[in-house]
Amino acid sequence: MPRRKLGISLPAVLLLLATPASAQINFQGSIRSRVEVWDWFAADEGNPYAFSGNLIRLGISEQRKTWDWQIELAAPILLGLPEDAIRPAPQLQLGFGGIYYGANDRERNAAMLFPKQAFVRFKGLLGNDSLRLGRFEFMDGTETTPANATLAALKRDRIAHRLLGNFGFTHVGRSFDGAQYAWNGGGLNVTLVGAVPTRGVFQVDGWGNLPIAVGYGALTGVTKGSAYDGEWRLFGMYYDDTRDIVKVDNRPAALRASDFGNVRIGTFGGHYIGEMRQDAGALDVLLWGATQAGTWGSLDHRGWAFAAELGWQPEGAPAIHPWIRAGYSHSSGDDDPLDDNHGTFFQVLPTARIYARFPFYNLMNNRDAFASLILRPSKTVVVRTDLHGLWLANRNDSWYQGGGAFQPWSFGYIARPSSGANRFATLWDISADWNVVPQATLTGYFAHAWGGGVVKAIYPTSQSANLGYVEVTYRF
């Protein structure tokens with residue numbers, strides 16, 4: 001794969017060289033190792049399969065009153081990728097193993113060392129503000145962290161990463177090269193980002209970046225009462241993809257093959273989360289929505305999406321601290337593949353796995369009704385189980401999978417035909433996270449999906465799929 005040198009991190013490198021020998025340098029890092037077992041819907045010799053994904057991150061940093069800097073290297077290591085987990089259309093890749101294999105020159109084992117982060121941050125330029133320059137990770141919805149533990153968990157698990165994320169579930173991830181400005185005052189936060197995404201995610205070469213411009217701005221505030229805490233955010237984002245590649249949508253292949261126009265999309269939306277404390281336990285609410293306008297190559301683009309969720313943490317079971325949640329999300333699909341409009345909501349550059357824990361789908365042309373139960377029997381153990389009913393929002397559109405652009409020559413999403421159906425799948429999963437010691441976490445996960453009419457038309461021999469993994473993370 002071609003590589004590109006990282007030039008935007010030069011300020012951080014020069015600061016490191018100029019740092020006095022007496023300065024306090026901090027070293028930090030993490031090692032994450034995961035064994036994944038995939039059993040895709042297709043019942044043939046390509047299933048099931050297992051592989052090992054590992055990610056080593058090593059960094060140095062320094063904190064000063066008016067500025068700080070950080071340099072972090074990442075080394076993804078993929079072992080035993082499946083050679084037979086890619087099929088001709090419409091079956092395509094049979095899970096993430098096939099995607100990793102195809103993205104890394106069809107090698108069973110792949111590894112590389114590259115700069116994950118390299119930035120300098122100046123503080124107090126105009127008061128309580130900061131300016132970060134270089135390569136960094138950014139996730140929309142993480143501009144602030146609420147003091148309320150429930151709201152903090154909702155932001156982390158149900159708000160952040162929906163449109164912009166580092167896709168940290170993969171063994172490479174994504175960063176951004178650019179600038180981030182943040183200002184805090186009067187209970188408000190203003191965050192502005194201008195950047196280009198890096199390569200990575202599924203390909204181990206994360207050196208270069210992509211010819212895609214991203215601009216993001218958000219205003220976040222809080223509401224508070226004697227028994228109520230809340231937070232709101234308004235955001236806007238611009239996405240400009242100038243790559244000369246075939247787009248992934250529901251048009252016939254011949255039409256798509258002749259359209260190399262830019263994807264230019266503006267997204268505008270917001271969220272509200274709140275918690276009300278009462279004798280029967282804490283109630284929480286989450287609302288999120290976005291609308292889009294722009295161009296999709298030669299087509300006009302219009303899309304929208306929303307999510308609404310409720311939660312309850314009853315007081316009657318202190319031994320397990322249950323949290324019961326339910327919700328519904330809906331993202332638009334395209335009604336006519338032959339007209340001049342593209343109506344599929346575009347999820348941009350998310351961490352798709354947060355909202356699709358078995359990531360055989362994402363939040364494009366999707367309807368998702370779910371119920372979730374979280375148990376916290378101790379401060380170090382969390383058990384969660386979800387049940388999802390999944391439909392395509394529009395039967396004339398496609399089943400989409402992926403988390404956005406990650407290399408210059410592929411669009412970043414794949415699409416399978418709906419075959420005129422909209423019943424997609426039922427998904428059940430369960431996970432357990434155990435913080436064994438403060439530095440180490442052990443995670444186990446299992447999911448089973450029952451495919452509907454959409455899946456049956458593509459995989460007639462089997463409509464069931466499974467994903468299981470065991471993961472160990474050590475931080476130092």
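Side chains are part of it too, since the values below use all heavy atoms of this structure and drop only hydrogens, waters and symmetry mates. All values derive from a computational prediction rather than experimental measurement.
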Partner of E72 under side chain to side chain donor-acceptor pair (under 3.5 Å), chosen from Q28, K116, R135, R57
R57
List the residues meeting ring-ring contact (aromatic ring centres under 6.0 Å, His included) with Y469, not counting sequence neighbours, and say none if there are none.
F169, Y445
Taking it one step at a time, do S431 and R357 satisfy side chain to side chain donor-acceptor pair (under 3.5 Å)?
CA-CA 10 Å; S431 65; R357 298 214 299 166; 2.9 Å; yes
What's the spacing between [X] [atom1] and [Y] [atom2] if we round to 0.5 Å?
X	Y	atom1	atom2	answer
L255	S298	CG	OG	8.0 Å
R384	W323	CZ	CH2	9.5 Å
N104	I99	CG	CD1	11.5 Å
D177	N209	CG	CG	5.0 Å

Test your reading of the model: is there a side-chain donor-acceptor pair from R367 to the backbone of S329, 3.5 Å cut-off?
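Side chain of R367 to backbone of S329: no pair is present.
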Among side-chain atoms of [X] and [Y], is any donor-acceptor pair under 3.5 angstrom?
X	Y	answer
S33	N54	yes
N362	Q401	no
H271	R233	yes
T144	E231	yes
D386	S372	yes
W391	N366	no
T150	Q313	yes
D334	H342	no
Y272	T223	yes
N394	N365	no
T142	D140	no

Flag the pair [X] / [Y] as yes when at least one side-chain heavy-atom distance between them is below 4.5 Å, and no otherwise.
X	Y	answer
D249	R256	yes
V348	Q292	yes
I273	K155	yes
Y216	L164	yes
V204	I77	no

Hey, can you tell me if [X] and [Y] have their rings parallel, tilted or perpendicular (30° and 60° cut-offs)?
X	Y	result
F411	Y413	tilted
F406	F202	perpendicular
W288	F345	perpendicular
W399	Y459	perpendicular
W304	F306	parallel

Looking at residues at least two apart in the chain, or sitting in another chain, which of them share a side chain to side chain contact (heavy atoms under 4.5 Å, CB included) with [X]?
X	answer
I86	Q93, Y101, R106
R156	A153
S398	N250, Y400, A415
D129	L125, L126, Y181, W183

On the ring face of F370, is R158 found with NZ or CZ under 6.0 Å from the centre and within 45° of the axis?
yes
If every non-hydrogen atom of [X] is compared with every non-hydrogen atom of [Y], which pair is closest and at what distance?
X	Y	result
F176	G165	CE1-O, 4.1 Å
L467	P359	CD2-CD, 4.0 Å
L363	Q347	N-OE1, 3.0 Å
R423	A425	NH1-O, 3.0 Å

Test of ring centre spacing under 6.0 Å for H171 and Y100
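Between H171 and Y100, the centre distance is under 6.0 Å.
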Identify which one of D229, L151, T220 satisfies the side-chain contact (heavy atoms from CB on, under 4.5 Å) criterion when paired with P146.
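The side-chain contact (heavy atoms from CB on, under 4.5 Å) with P146 is passed solely by L151 among D229, L151, T220.
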Tell me the ring-ring contact (aromatic ring centres under 6.0 Å, His included) pairs involving residues 228-260, sequence neighbours left out?
Y239-F346
Using a strict 4.0 Å threshold on nitrogen-to-oxygen distance, state whether D259 and R251 make a salt bridge.
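Answer for the salt bridge query: yes.
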